[in-house]
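Reminder, nothing fancy here: chain letters follow the sequence lines and each chain counts from 1.
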Number of protein chains: 2
Amino acid sequence: MKQVNGMKEIEIIKRIRKFNRSYVRSIGLLEKTFLNTDYSLTESQVIFLVKEQGKTTATAINKVLKLDEGYLSRIIKKLISNSLLTKEQSKTDKRCYEIMLTTIGIREQQKLDELSSDSIQTIISHLSESEQLELASSFDKIMKLLYGRNENEGQ
Amino acid sequence: MKQVNGMKEIEIIKRIRKFNRSYVRSIGLLEKTFLNTDYSLTESQVIFLVKEQGKTTATAINKVLKLDEGYLSRIIKKLISNSLLTKEQSKTDKRCYEIMLTTIGIREQQKLDELSSDSIQTIISHLSESEQLELASSFDKIMKLLYGRNENEGQ
DNA sequence: TAATTATATTTGCTTTTGTCAAGTAATATA
DNA sequence: TATATTACTTGACAAAAGCAAATATAATTA
């Protein structure tokens, strides 16, 4: 590892990596215990992005997820056959297919939302209200620093 | 989702979930772009835990990772055949096998460490030193709130 | 102490998840 | 109008992960 700014930077990286290890583990465990077995994490991400992006395309989804294109194509195919998504060839560019959530898809997305919220709820339930606020503020701050957005932007 | 303490709690969960989505994505991307293709994330976690725990066992590793036991057994087998780990039957309890890093394993672990540090370095490099400190403090605070430890404990 | 139960690990088999490369169709560009 | 690029799909395959049954040892209980 290149030591750019001396010891301070090393310490900072250590602290972030320590967080990552713990967080990756707990996300892994969450998935195992909470996340409903109907959809994989990747499938859930796709469902979420279709909700987020509204009428969208495989390419737009993959701008975010950067999956193998064939793989994404199959995921979409599966979600269509499960009646969560619809796909319609674009009128203006026939290479593109517009993807949307069906009514069932919206409902399933909401279920996933609830499962996810419940899992977070469980994790933070042992904290006091002020601790929970501190926690959320810390997450917001990280978001802002790393991704340049805060709690008031985006969706 | 059960609305336990009213609106504030919902907001907090939303903010945490938003962080999670971004973070899961960026960890996914990190893995794709940075992480050396020799070992999967799970294998890396095993290697790290053997380093962390010193002489250990499959069961001890799995207390943390909670993988399928057969799967973990095979991962250990692979790492042994790649000369990263050794396994020796315990003298005191012959059901158990003591697992350790080899010299090669230690070296590989260090390489993984460096890759991981480099990837963090890249991510934080656009931040000023004070922003980096703020970032690390936020991570520390979350660690403390969620896992009850801070930057001065553990390893 | 013999029989039963529990723990630690392994193995065979299967499913799920993800990758690679080649393909089709439509559009954009030179 | 030929060529390149973009959007997406498909077949073949490999890697990751899970399930259930098996083995060996240890702990418990009758």
Discussion item. With nearest nucleotide decided by heavy atoms, which residue, B:Lys63 or A:Thr42, maps closer to the 5′ end of DNA chain C?
Written reply: B:Lys63
Fill in: Pairs meeting criterion side-chain hydrogen bond (donor to acceptor under 3.5 Å, both in side chains) with involvement of residues 95-104 of chain B, two or more places apart
B:Gln89-B:Tyr97, B:Asp93-B:Arg95
Discussion item. So if I define the base as every atom that isn't primed, P, OP1 or OP2, how would nucleotides 19-30 of chain C read as a B/S/- string at a heavy-atom cutoff under 4.0 Å?
Written reply: BB-----BS---
Item to complete: Sequence neighbours left out, what passes side chain to side chain donor-acceptor pair (under 3.5 Å) with B:Thr59? Give chain and number order.
Response: none
Item to complete: Using whole Å, report how far CG of B:Asn62 lies from P of D:dG18.
Response: 10 Å
Practice prompt. State, yes or no, whether a side-chain contact exists between A:Glu31 and A:Ile27 at a heavy-atom distance under 4.5 Å.
Written response: yes
Worksheet item: Rounding to a whole Å, what distance do you find between A:Leu65:CG and D:dC8:C1'?
Response: 16 Å
Practice prompt. Determine: side-chain N/O of B:Lys77 to OP1/OP2 of C:dT11, distance under 4.0 Å, yes or no.
Written response: yes
Worksheet entry | Residues in side chain to side chain donor-acceptor pair (under 3.5 Å) contact with B:Asn62, at least two apart in sequence or another chain | none
Discussion item. How many whole angstroms separate atom OH of B:Tyr97 from atom C1' of C:dT7?
Written reply: 13 Å
Discussion item. Can you pull out every salt bridge (Lys or Arg N to Asp or Glu O under 4.0 Å) where at least one residue sits in residues 56-69 of chain B? Sequence neighbours excluded, please.
Written reply: none
Practice prompt. Starting from C1' on D:dA7, measure out to CD1 on A:Ile76 and report it in whole angstrom.
Written response: 11 Å
Fill in: OP1 or OP2 of D:dA7 under 4.0 Å from side-chain N/O of A:Ser73
no
Practice prompt. Whole angstrom is fine here: how far is it from CD in A:Glu43 over to C1' in C:dT15?
Written response: 13 Å
Discussion item. Within the 4.0 Å heavy-atom criterion, would you say B:Lys78 contacts the bases, only the backbone, or no part of the nucleic acid?
Written reply: nothing
Item to complete: Please indicate whether A:Lys32 has more than 12 foreign heavy atoms, meaning atoms of other residues, nucleotides or ligands, lying under 6.0 Å from its NZ.
Response: yes
Side-chain donor-acceptor distances from residues 75-88 of chain B under 3.5 Å, at least two apart:
from: B:Lys78; atom 1: NZ; to: B:Glu43; atom 2: OE1; distance (Å): 3.2
from: B:Lys78; atom 1: NZ; to: B:Glu43; atom 2: OE2; distance (Å): 2.8
from: B:Ser81; atom 1: OG; to: B:Lys78; atom 2: O; distance (Å): 3.0

Fill in: Side-chain N or O of B:Ser40 closer than 4.0 Å to phosphate OP1/OP2 of D:dA15
no
Item to complete: Figure out the CD/P separation between A:Glu88 and D:dC8, and round it to whole Å.
Response: 14 Å
